[in-house]
2 protein chains.
Amino acid sequence: MGKDLVGNHIRKLRFNDNEMTQQQLADKVGVTRQTIVALEKGNYSPSLELAFRIARAFGLPLEEVFFYGEDMDQ
Amino acid sequence: MGKDLVGNHIRKLRFNDNEMTQQQLADKVGVTRQTIVALEKGNYSPSLELAFRIARAFGLPLEEVFFYGEDMDQ
DNA sequence: CGACAATGTAAAATAAACTTGACATTGTGT
DNA sequence: ACACAATGTCAAGTTTATTTTACATTGTCG
């Protein structure tokens, strides 16, 4: 809908503890690698459902993976 | 994408403290009333962006308004 | 060098979210 | 009884998320 108000830490999180490839994350949450690429690039924001699945994949609460508005560039 | 794994407390929250009409909430978060109706009925789950705006409208963290999986029927 | 894994990119197609407009129902107040 | 506010519903249309396919780039390892 909106312009670009939702951001995420997916790429960072894939490295930190978790050390996951785009493909592995994609498989784990049940989407294609292209979707992960698009999210990391910030092309669009995911559905709420996918956001939940990704947060789970990292074992984090949703708002530690995705953020809204002001905090955008962190 | 998925079946019906995401639920929400929108309807409850509109009453509790906040006492808001569907139309008022819709205006506040910038969608049409139909969208609110559809969400309350569980027809689909919102975009992540809209989910954030709705949570904000209630002054709550996203995961206190929307929930995933097990907790579905609460 | 040649092979292979991880990533980037891009276009066309499908699915899901959201809008627009219109009408029906229920309850409340006058 | 009439009016009006809040809610429910339905169908057709637009926009955004996601898939599919395909190819290009970089790094590593034999």
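Protein chains get the first letters and strands the later ones, always in sequence-line order, with residue 1 at the start of each.
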With a 4.0 Å cutoff (strictly under), does any side-chain N or O of B:Arg14 reach OP1 or OP2 of D:dA6?
no

Under-4.0 Å side-chain N/O to phosphate OP1/OP2 contact, B:Lys41 with D:dT9:
yes

Verify same cluster id: B:Leu62, B:Tyr44 (apolar side-chain graph, 4.5 Å):
yes

Any B:Ser47 side-chain nitrogen or oxygen under 4.0 Å from OP1 or OP2 of C:dC18
yes

Closest to the 5' end of DNA chain C, once A:Met20 and B:Ser45 are matched to their nearest nucleotides, is A:Met20

Is a donor on one side and an acceptor on the other found under 3.5 Å between the side chain of B:Ser47 and the backbone of B:Leu50?
yes

Donor-acceptor under 3.5 Å (B:Arg11 side chain, B:Glu40 main chain)
no

Nucleotide D:dA6, atom C1' - distance to CG of B:Leu25 in whole Å:
14 Å

Nearest-Å distance, CG (A:Asn8) to C1' (D:dA17)?
14 Å

Each nucleotide in nucleotides 20-30 of chain C should get exactly one letter: B, S or -. Can you fill that in based on protein heavy atoms under 4.0 Å?
BBB--------

Please check: side-chain N/O of B:Asn8 versus main-chain N/O of B:Phe67, any donor-acceptor pairing under 3.5 Å?
no

Between P of D:dT18 and CG of A:Asp27, the distance in whole Å:
16 Å

Does the side chain of A:Phe58 reach to within under 4.5 Å of the side chain of A:Leu25, using non-hydrogen atoms?
yes

Gap between atoms CD and P, on B:Gln24 and D:dA6 respectively (whole Å)
7 Å

Tell me whether the OP1 or OP2 atom of D:dG8 has a side-chain N or O from B:Arg11 closer than 4.0 Å.
yes

Integer-rounded Å distance: D:dT7 P and B:Asn43 CG
16 Å

Ignoring the backbone of A:Gln22, work out which of C:dT9, D:dT19, C:dT7 is nearest its side chain.
C:dT7

CG of B:Leu48 versus C1' of D:dT18: gap in Å, rounded?
15 Å

Minimum-distance nucleotide (side-chain atoms of B:Thr35 versus C:dT19, D:dA17, C:dG8)
C:dT19

Is the side chain of A:Arg33 donor-acceptor paired with the backbone N or O of A:Gln23 at a distance under 3.5 Å, no angle test?
no

Distance in angstrom units between A:Tyr44 OH and C:dC18 P, rounded:
15 Å

Given the rule that I, L, V, M, F, W and Y join up when any side-chain heavy atoms are under 4.5 Å apart, are B:Leu60 and B:Ile36 in one cluster?
yes

Rounded to whole angstrom units, what separation is found between the CG atom of A:Leu39 and the C1' atom of C:dT9?
15 Å

